[in-house]
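Structure, as structure tokens:
Numbered from 1 within each chain, the chains take letters A, B, ... in sequence-line order. Fair warning: this is a prediction, and the values are worked out from it, not measured in the lab.
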Number of protein chains: 2
Amino acid sequence: MTDTDAPRRRSDVTRASILDAARARFAADGYERATVRAIAQDAGIDPSMVMRYYGSKEGLFAAVIDVELVLPDLAAIPVDDVGAVLVGHFLDLWEHDSVLQTLLRVGVTNEAGAARMRDVFSGQILPLAQRFVGAGEDAARRAALVASQVLGMALVRYVLRFGPAADLTRADVVAWLGPTVQRYLTAPRP
Amino acid sequence: MTDTDAPRRRSDVTRASILDAARARFAADGYERATVRAIAQDAGIDPSMVMRYYGSKEGLFAAVIDVELVLPDLAAIPVDDVGAVLVGHFLDLWEHDSVLQTLLRVGVTNEAGAARMRDVFSGQILPLAQRFVGAGEDAARRAALVASQVLGMALVRYVLRFGPAADLTRADVVAWLGPTVQRYLTAPRP
DNA sequence: ACTGTATGCCAACACACGTTGACCTTCGCC
DNA sequence: GGCGAAGGTCAACGTGTGTTGGCATACAGT
């Protein structure tokens with residue numbers, strides 16, 4: 001969605017290196033502390049190039065978070081495994097793609113980031129919840145509960161870096177959080 | 001720990017109003033966006049007073065987060081109710097005290113905030129987990145799991161403001177999260 | 001080969017920030 | 001009642017920020 005396959009313009013490699021550097025900086029430092037100058041230096045070009053290609057710092061940030069996050073078709077998964085599989089998929093996402101780290105770090109102080117985060121979870125988790133309880137308030141509640149546990153683990157593990165949370169193996173996380181997510185999605189309303 | 005009971009100096013009221021304004025700004029905007037100038041304006045004084053009384057912006061922030069967060073004696077609670085009671089206590093804390101919001105907003109991009117957050121949870125949740133499984137790695141893991149769920153709910157409910165999470169009643173949150181926390185603390189290792 | 005356009009760098013702007021020091025004003029005390 | 005200190009204001013400094021316009025260079029089309 002962000003780029004085409006074959007570079008048509010000579011500058012596409014520069015555009016991409018800016019975007020890469022921006023991804024890393026926003027993910028590591030958040031919106032305010034990630035400066036245009038630092039991003040430009042990482043990309044090996046002049047700060048003014050950032051403005052030329054992305055208009056403004058805000059425009060650059062918009063480009064960074066404008067990516068599709070697609071969870072593999074969860075519709076095909078056995079009902080009893082949904083919790084564990086979902087947790088596993090999100091672990092993959094956090095570890096192999098910086099966009100969620102970016103959204104978490106930025107969304108906490110930046111409304112645009114928060115809004116995008118809401119969109120991502122509405123698009124990914126809500127439909128899943130609706131599979132079990134149908135559309136409606138109850139599905140939204142369950143999706144929010146799942147989001148709270150998944151994002152909370154990401155927070156303590158990848159952002160705040162609580163030692164014990166960071167030390168958990170992937171299997172540990174799935175074994176502990178899987179049942180929680182499973183319950184939020186499928187248990188009868190308390 | 002932060003202040004005495006009776007104001008001895010004439011300036012104590014000013015000191016306090018600066019601290020109040022700082023609490024609100026840091027909690028709402030995070031460290032970078034909360035400017036000394038804005039805090040001073042909220043407190044109705046000159047920015048230089050902030051420097052006189054707290055030395056620097058960093059010193060002011062240190063004063064803001066230097067508060068004791070005491071959970072009522074959880075040792076006296078029936079073992080089966082620990083999850084629900086703990087969730088309830090944390091809800092109270094989040095809603096009647098801004099320091100946790102501050103720590104969450106700041107800890108995401110500021111190492112001092114993250115460190116303080118780790119300390120708070122080590123001091124509050126770790127001892128609780130040790131009640132059930134004794135000191136050791138397993139207790140730390142369980143405390144981290146509890147932290148992930150409690151902080152995750154705070155994140156989506158008070159910071160990112162996901163609609164469905166913010167709309168949950170207090171009873172809903174306790175009913176859903178209570179069993180999760182209970183399980184993280186007391187269930188046998190998976 | 002010439003020309004126009006895309007690509008890039010450089011220097012500078014305007015602004016907001018944290019911080020400082022000089023200057024008033026008000027209070028408490030001998 | 002004068003005097004020293006505490007409380008408070010004001011204007012300014014230095015720095016880093018996002019952003020802009022002008023200028024050099026490399027490329028592509030004819």
| field | From CA spacing to verdict: side chain to side chain contact (heavy atoms under 4.5 Å, CB included), Leu104(A), Val108(B) | value | CA-CA 8 Å; Leu104(A) 189 45; Val108(B) 162; 5.7 Å; no
| 5' priority, DNA chain C, between Pro47(B) and Ile45(A) [closest heavy atom] | Ile45(A)
Between the protein and nucleotides 10-12 of chain C, which nitrogen or oxygen pairs are less than 3.5 angstrom apart?
from, atom 1, to, atom 2, distance (Å)
dC10(C), N4, Asp46(A), OD2, 3.4
dC10(C), N4, Ser48(A), OG, 3.1

| Can you tell if the side chain of Tyr54(B) reaches within under 4.5 Å of the side chain of Leu19(B), non-hydrogen atoms only? | yes
| With a 4.0 Å cut-off, would you call Arg118(A) and Glu111(A) a salt bridge? | yes
| field | chain A contact limits on DNA chain D, taken 5' to 3' with a cut-off of 4.0 angstrom to heavy atoms | value | dT17(D) to dC27(D)
| request: Could you check how far CD1 of Ile18(A) sits from C1' of dG8(C), rounded to whole Å? | output: 11 Å
| Of Thr35(A) and Gly44(B), whose nearest nucleotide on DNA chain D comes first from the 5' end? | Gly44(B)
| query | Side chains of Tyr184(A) and Thr180(B): closer than 4.5 Å at any heavy-atom pair? | reply | yes
| request: Compare every heavy atom of Ser148(B) with every heavy atom of Gln149(A), then report the nearest pair and how far apart it is. | output: NE2-OG, 3.0 Å
| said: Would you say the ring centers of Phe90(A) and Tyr158(A) fall short of 6.0 Å from each other? | reply: no
| field | From CD (Glu137(A)) to CG (Leu168(B)), nearest 0.5 Å | value | 10.0 Å
| Flag side-chain contact, heavy atom, 4.5 Å: His89(A) against Val85(A) | yes
| query | So which of residues 49-58 of chain B are in contact with DNA chain D, with a heavy-atom cut-off of under 4.0 Å? | reply | Met49(B), Arg52(B), Tyr53(B)
| said: A side-chain contact here means heavy atoms from C-beta on lying under 4.5 Å apart; do Val99(B) and Arg23(B) qualify? | reply: no
| Would Asp119(A) and Ser122(A) count as having a side-chain donor-acceptor pair, cut-off 3.5 Å? | no
